[in-house]
Amino acid sequence: MFRSAAAKLTAGYLAIIMALSIGCSFALYRVSSNQLASSAQRPVDLYNAVFGPSSAGDINNLRQRQLEKDRSRLKVNLLLFNIAVLAFGASVSYILARRTLAPIEDSLEMQKRFTGDASHELRTPLTAMQTEIEVALRSPDLTKKEAIDLLKSNLEEVGKLKSLSEGLLTLATTSSRDTRRQQVSIKDVASLALEQAAKPAVARKITIKSIVKEAHVLGNPQQLLNLLSILLDNAIKYSQPGSKITIETKPQDKYAVISVTDRGQGIAAADLPHIYDRFYRADTSRSSKNAQGYGLGLAIAKNIVDLHKGAIEVKSKPGRGSTFTVRLPLA
Ligand code: ADP
């Protein structure tokens, strides 16, 4: 598809270049040909004035032939010039067409990968449910307890599907440029995020220390709450039970700075460049029973930070912990 689009675009660019080149050549030919004619006429007039009109015939013919010769040389030169423009223009047009199409090709490739990853993630819980149901239906003497276990297990898979679809929906909504903005108190957002994080933190015996100073930003409160929840949720998921997490917010220079520090498993240097990619999960996280997820959290967090014209960075040491820092322009 892209090959034929590139060919069409190349032909289009080339047609424009050639139309310009041929148009200019015609104009140049007319101007130069007129100039040649008038400069050929001048010596004949002079000859007539000096020697009289009777002897002017020969020189006139001579000049006329010279003029024809000059004109045909001009035509040949312009033709050669246009052939050179055609060859050069074709390669330039091809390069331009490739450059125009490259970002579209990249984003299409990304969409394809995304759809593939999403279907793969959706298929895993669905296949688990299907297998369990099929096995249960084949068993002639299914007990009530077995049926209840099956329903519980299916409910768990449904929960996973629900959280995946919610993640995909949030990713889609935070990918669009359209966001309603209002003055948001980072202190309020942080305390709401802390409220939400309290239950999973208690479940993992993790204490959260908060050093929250007020700062206001222009943004979407729901998205900012989502951002802080993702960072806190990850800090809880990837920490050892009994450890400590710190959340700090403060105004600094022209930014509201939010940082979440954990003393958990940390992130290997090789994983750091990929953690904001959709569906990316470090191998250590995939194999960990506690850390459930689909690798969408940080992709959503990055989208939200970008929408708020901010920046997110991480400092991490494997085995020692990680600090995620977000900077958002102050309102
Ligand atoms: P998820 O947590 O659902 O796997 P995320 O997009 O939130 O997806 O994170 C991507 C990956 O980055 C995680 O799988 C994990 O490997 C790594 N990661 C994110 N936050 C932390 C953290 N605080 N400590 C260690 N690893 C982290």
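Across every non-hydrogen atom of Glu105 and Phe2, the tightest pair is CA-CZ, 3.5 Å. Nearest heavy-atom pair across Ala235 and Val260 is CB-CG1, 3.9 Å. Scanning all heavy atoms of the two residues, the minimum distance from Pro329 to Val217 falls at O-CG1, 3.5 Å. Minimum heavy-atom separation, Gln223 to Ile304: O-CD1, 3.3 Å. The minimum heavy-atom distance linking Ala268 with Pro318 is given by the pair CA-CG, 3.8 Å. Nearest heavy-atom pair, Leu67 versus Ala37, reported as atom, atom and distance to 0.1 Å: CD1-N, 3.5 Å.
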CA sep, side-chain torsions, deciding dist, call: Gln240, Arg263, side chain to side chain contact (heavy atoms under 4.5 Å, CB included): CA-CA 8 Å; Gln240 310 307 326; Arg263 289 132 187 100; over 6 Å; no
Test log, rule side chain to side chain contact (heavy atoms under 4.5 Å, CB included), inputs Leu328 and Tyr255: CA-CA 5 Å; Leu328 302 172; Tyr255 296 94; 5.8 Å; no
Candidate pair Leu79 and Lys75, rule side chain to side chain contact (heavy atoms under 4.5 Å, CB included), full reasoning: CA-CA 6 Å; Leu79 186 71; Lys75 272 186 203 161; over 6 Å; no
Side chain to side chain contact (heavy atoms under 4.5 Å, CB included) between Asp262 and Ile236, worked out: CA-CA 8 Å; Asp262 64 64; Ile236 295 168; over 6 Å; no
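There is no path of hydrophobic side-chain contacts, each under 4.5 Å, that joins Tyr280 to Phe114. Following chains of ILVMFWY side-chain contacts shorter than 4.5 Å, one cannot reach Val305 starting from Val257, and the two form parts of different hydrophobic clusters. Both Leu231 and Leu171 are part of a single hydrophobic cluster, where members link through side-chain heavy atoms under 4.5 Å apart. Hydrophobic clustering (side-chain heavy atoms under 4.5 Å, transitive across Ile, Leu, Val, Met, Phe, Trp, Tyr) groups Leu194 together with Leu192. Connection of Val202 to Tyr238 is not established within any shared hydrophobic cluster, with ILVMFWY side chains joined at heavy-atom distances below 4.5 Å, either directly or through further cluster members.
With respect to the salt-bridge test (charged N to carboxylate O, under 4.0 angstrom), the residues Glu132 and Lys152 do not qualify. Using a 4.0 Å cut-off between charged side-chain N and carboxylate O, Glu68 and Arg65 make no salt bridge. Remark: Asp117 does not engage Arg113 in a salt bridge, criterion side-chain N to carboxylate O under 4.0 Å.
Rounding to the nearest 0.5 Å places CZ of Phe88 at 12.0 Å from CG of Leu14. Note that CG of Asn234 and CG of Leu298 are 5.0 Å apart. Values are rounded to the nearest 0.5 Å. Put simply, OG on Ser322 and CD on Gln265 are 8.0 Å apart, with the number rounded to the nearest 0.5 Å. A distance of 10.5 Å separates CD in Glu313 from CZ in Phe324, rounded to the nearest 0.5 Å. With rounding to the nearest 0.5 Å, the separation of CD1 in Ile267 from NE2 in His274 is 12.0 Å. Interatomic distance, CG of Leu74 versus CG of Leu78, reported as 4.5 Å (0.5 Å rounding).
Side-chain atoms of Tyr294 come within 3.5 Å of backbone N or O of Lys160 as a donor-acceptor pair. No donor-acceptor pair under 3.5 Å is formed between the side chain of Arg98 and the backbone N or O of Ala6. Lys237 contributes a side-chain N or O that, together with a main-chain N or O of Gln292, makes up a donor-acceptor pair within less than 3.5 Å. In this structure, Ser185 contributes its side chain and His216 its backbone to no donor-acceptor pair below 3.5 Å. In terms of modelled atom types and a separation under 3.5 Å, the side chain of Glu248 and the main chain of Ser259 share no donor-acceptor contact. In terms of modelled atom types and a separation under 3.5 Å, the side chain of Ser32 and the main chain of Tyr29 share no donor-acceptor contact. In this structure, the side chain of Ser21 does not engage the main chain of Ile17 through any donor-acceptor pair within 3.5 Å.
Residues Ile95 and Tyr13 are not in side-chain contact: their nearest non-hydrogen atoms beyond the backbone lie 4.5 Å or more apart. For the pair Thr124/Glu157, no side-chain contact is recorded, criterion being any heavy-atom separation below 4.5 Å from C-beta on.
Counting heavy atoms of neighbouring residues, nucleotides and ligands inside a 6.0 Å radius, atom CZ of Phe81 does not exceed 12 of them.
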